[in-house]
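Read through the structure below, which is laid out as structure tokens, and then see the notes.
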Amino acid sequence: MSELKFYTYPSCTSCRRTKAWLKNQEVTFKERHIFRETPTYEELLEILQLTTNGIDEILATRGKTYKSLDVDVDNLSISEFIKLVMDEPKLLRRPIVTDGEKLVVGYNEEGLKGITKVKQDFLLSNIS
């Protein structure tokens, strides 16, 4: 399993719950403030490739930033969408957790269990 990346915003309730869950499970992760350290083009492309619903899965459509857009995101190319998100990181749902193979968006305990399964299996196998 690759290093777990945790894209977060400290005042976000879902982000705080996710961070508490990861710490409680003693999961090692690299935390990134999503607005101060906006994901790179390559990181956003990787995140998009891991989605099951494409941009809809990571797009914060209820936020003010999205509602004030004068752009139809459905008509953007992937490259244009990524550049838009890099300019306006508030368009991303939060938190985003990835190990490079799996993706969890928002607080989702079952998803977090799935993405950290390798670590849990390793711990269980060493108990006996």
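The first residue of the sequence shown is numbered 1, and numbering continues consecutively from there.
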Check your understanding: Got a sec: does the CZ of R17 have more than 12 other heavy atoms crowding it under 6.0 Å?
Key ->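 Count not over threshold, so no.
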Shared ILVMFWY cluster between [X] and [Y], side chains joined below 4.5 angstrom?
X    : Y    : result
L22  : L50  : no
I115 : I96  : no
L59  : Y107 : no
Y7   : L44  : yes
V105 : L91  : yes

Going by heavy atoms in the side chains, are [X] and [Y] under 4.5 Å from each other?
X   : Y   : answer
R16 : T13 : yes
R62 : Y66 : no
K19 : F29 : yes

Check your understanding: Does any donor atom in the side chain of T52 or E57 lie under 3.5 Å from an acceptor atom in the other side chain?
Key ->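 Yes, because at least one side-chain N or O of T52 sits under 3.5 Å from a partner of the opposite role on E57.
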[X] to [Y] - nearest heavy-atom pair and separation:
X    : Y    : result
E37  : E31  : OE2-O, 4.4 Å
T8   : C15  : OG1-CB, 3.1 Å
L76  : E80  : CA-OE1, 3.4 Å
K113 : W21  : CG-CZ2, 3.6 Å
L112 : V104 : N-CG2, 4.0 Å
L48  : G54  : CD2-C, 4.1 Å

Quick one: pull up [atom1] in [X] and [atom2] in [Y] and give me the separation to the nearest 0.5 Å.
X   : Y    : atom1 : atom2 : answer
E46 : L103 : CD    : CG    : 9.0 Å
T65 : L92  : OG1   : CG    : 10.5 Å
D87 : K83  : CG    : NZ    : 9.5 Å
E43 : I82  : CD    : CD1   : 11.0 Å
I47 : I55  : CD1   : CD1   : 14.0 Å
R94 : F6   : CZ    : CZ    : 11.5 Å

Review point. For the side chain of E88 and the backbone of L84, is there at least one donor-acceptor N/O pair under 3.5 Å apart?
Key: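 It does not hold such a pair.
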Point to revise | N/O donor-acceptor pair under 3.5 Å between K102 side chain and G114 backbone | key: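 The answer is yes, because a donor-acceptor pair under 3.5 Å joins these two groups.
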Check your understanding: Hey, mind stepping through N53 and D56 against side chain to side chain donor-acceptor pair (under 3.5 Å) and telling me if it holds?
Key -> CA-CA 6 Å; N53 296 323; D56 291 339; over 6 Å; no
